[in-house]
There are 2 protein chains.
Amino acid sequence: MQLATEPDVDAVSFRRLGQVLGVHPTAVYRHFRDKDALVLALLDRLTLDVLQRVPVEGLAWRPRLRVGAIAYLDALVEHPAIGHQIGFRASGGPGELGAIEFLLVCLQEAGLDDVQVVRHYALTSSYVLAMASAQASAVLSSGRVTAPGDRSWLGALVEQLTPVEAYPTVTRLRSQLAALRDREVFLTGLDLILDGIEAAAHR
Amino acid sequence: MQLATEPDVDAVSFRRLGQVLGVHPTAVYRHFRDKDALVLALLDRLTLDVLQRVPVEGLAWRPRLRVGAIAYLDALVEHPAIGHQIGFRASGGPGELGAIEFLLVCLQEAGLDDVQVVRHYALTSSYVLAMASAQASAVLSSGRVTAPGDRSWLGALVEQLTPVEAYPTVTRLRSQLAALRDREVFLTGLDLILDGIEAAAHR
DNA sequence: ACCTGAACACCGTTCAAGT
DNA sequence: ACCTGAACACCGTTCAAGT
């Protein structure tokens, strides 16, 4: 888990793990079937940690869901070497199942029927996981750890734009596009999804 | 691009490229600075191809945006070896800039002001790219090419659930959760985002 | 039960050398 | 200008051998 903090795609490897533990690289094979099993176990443990930190009591479904989603995204981005794989990997462990249960209960409390619960579960979870995966990958790609949520969305791409005439709208809005931040983009989408849940509940 | 079709994370490598081209692996270094540059060029080319296939004339902004988003997702998932990297990689090439311009023009036509155009641009693009990245990664992870959009979202995770008592809601809804399909999940979110754009335009 | 040593089949990348 | 050969520093993974 400590290795996964490093902004490097190969931060978690059997060789580095062995080095940190003062042990032969292949010794880890006694404890995990292969690297996939190791990463899955780390991701499930991370999920479990987030679930235990999120307050379950005394919060209505909407702030509870919102806080949980933000905490989960942050935890994954803070462990980019494994976080970038979350979008598409099912562990089936207690962390993942607990997270699904958490989300389903929130959606039921919002007043959705079963069909709507399942639909909005799929949307919310895929959105959070996909965004976390993409943001963790961005950390790996840039190789440095920026303050969380302070990452520029389009970066320098749009600031130093040369062939102006071909992309008039991009050119006109380029300073506003460059000002976009990761966290802002994520929250905009999350709140839109939460609005959609409320709207579906009132129907 | 042909190699990128293979459902293998390492499908695109200098060694395999050299083998297919009947040339020494390192010969590619004359044409691309490093592997990052190669992947970026492939992704930009893929984006450009999609833009040229999407009909620009004779369609209102909403179906145009919808068709474009679906075509882009499909193209990325059909080239998973590079598609899985799209969520976090900026090429700055004609494909990427063309795609941004396409999206911005759609949002302007919807009737949004500049601030709203930028906000919804960020949400829509990050959503499509993140989902495409996650679905392409799922193809790599499973190693087989399923019919597009027909992939199960939760897979066998939820069907063979043993400790029933700990996750009552997951258990109760498990058959409906297992029935979820990639494409359905993606379209639900996309249409919700498009609804949000219309709602913002009417304000 | 747990760890080591050696080996295999892969990676990206550099650099000097060829034509 | 373009390609080759050899090398370096990494990967995951296997298997027989140690204690």
Side-chain angles (χ1 to χ4, degrees), chain A residues 1-46 79-91 93 133 136-144, chain B residues 1-46 79-91 93 133 136-144:
Chain A
M1 199 65 92
Q2 174 198 318
L3 287 173
T5 298
E6 232 173 296
D8 177 358
V9 210
D10 300 318
V12 177
S13 79
F14 282 21
R15 282 179 170 82
R16 295 196 200 178
L17 197 49
Q19 199 180 338
V20 167
L21 299 174
V23 110
H24 197 271
T26 63
V28 192
Y29 276 92
R30 278 290 138 188
H31 309 276
F32 296 93
R33 204 180 63 265
D34 55 14
K35 199 185 172 186
D36 215 58
L38 172 64
V39 172
L40 246 39
L42 286 168
L43 282 172
D44 205 76
R45 170 69 180 272
L46 200 69
H79 299 81
I82 56 171
H84 77 111
Q85 303 193 27
I86 193 67
F88 50 99
R89 219 151 264 187
S91 66
S133 186
S137 298
V139 173
L140 296 180
S141 182
S142 77
R144 66 212 149 77
Chain B
M1 199 65 92
Q2 175 198 316
L3 287 174
T5 298
E6 231 173 296
D8 176 359
V9 210
D10 298 320
V12 177
S13 80
F14 282 22
R15 283 179 169 82
R16 295 196 200 178
L17 196 50
Q19 200 180 337
V20 168
L21 297 174
V23 109
H24 196 272
T26 63
V28 191
Y29 276 93
R30 278 289 138 188
H31 308 278
F32 296 93
R33 204 180 60 265
D34 55 14
K35 200 185 172 187
D36 215 58
L38 171 64
V39 171
L40 246 37
L42 286 168
L43 283 172
D44 205 76
R45 170 67 179 273
L46 199 70
H79 299 82
I82 56 171
H84 77 111
Q85 304 194 24
I86 193 65
F88 50 98
R89 213 145 267 191
S91 66
S133 186
S137 298
V139 173
L140 296 179
S141 183
S142 78
R144 65 210 149 77

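Side chains included, hydrogens not; waters and symmetry mates left out as well; all remaining heavy atoms used. What you are looking at is a predicted structure, and each value in this text was computed from that prediction instead of being measured. Chain A is the first sequence line, chain B the second, and so forth, proteins listed ahead of strands; every chain is numbered from 1.
- A donor-acceptor pair under 3.5 Å links the side-chain atoms of B:Ser133 to the main chain of B:His84, judged by distance alone.
- The nearest whole Å value for the distance from the CG atom in B:Leu21 to the P atom in D:dC2 is 14 Å.
- Checked against D:dA7, D:dT4, D:dT13, the side chain of B:Arg15 finds its nearest nucleotide in D:dA7.
- Side-chain atoms of A:Asp34 come within 3.5 Å of backbone N or O of A:Ala37 as a donor-acceptor pair.
- Of the side-chain N and O atoms in B:His31, one or more sit less than 4.0 angstrom from OP1 or OP2 of D:dC3.
- The side chain of A:Thr26 contributes no N or O atom lying less than 4.0 Å from OP1 or OP2 of C:dT4.
- Relative to the side chain of A:Ser13, the nucleotides C:dT13, D:dG12, D:dC3 differ in distance, and D:dG12 lies closest.
- With both pairing distances under 3.5 Å, D:dT4 is matched to C:dA16 as a Watson-Crick or G-U wobble pair.
- Within the structure, a side-chain polar atom (N or O) of A:Arg16 is placed less than 4.0 Å from OP1 or OP2 of D:dC11.
- You'll find that the side chain of A:Ala27 is closest to C:dC3, out of C:dC11, C:dC3, D:dC3.
- Map A:Arg30 and A:Phe14 each onto its nearest nucleotide of DNA chain D; the residue landing nearer the 5' end is A:Phe14.
- Side-chain atoms of A:Asp34 lie closest to D:dT13 of the nucleotides D:dT13, D:dC11, D:dC3.
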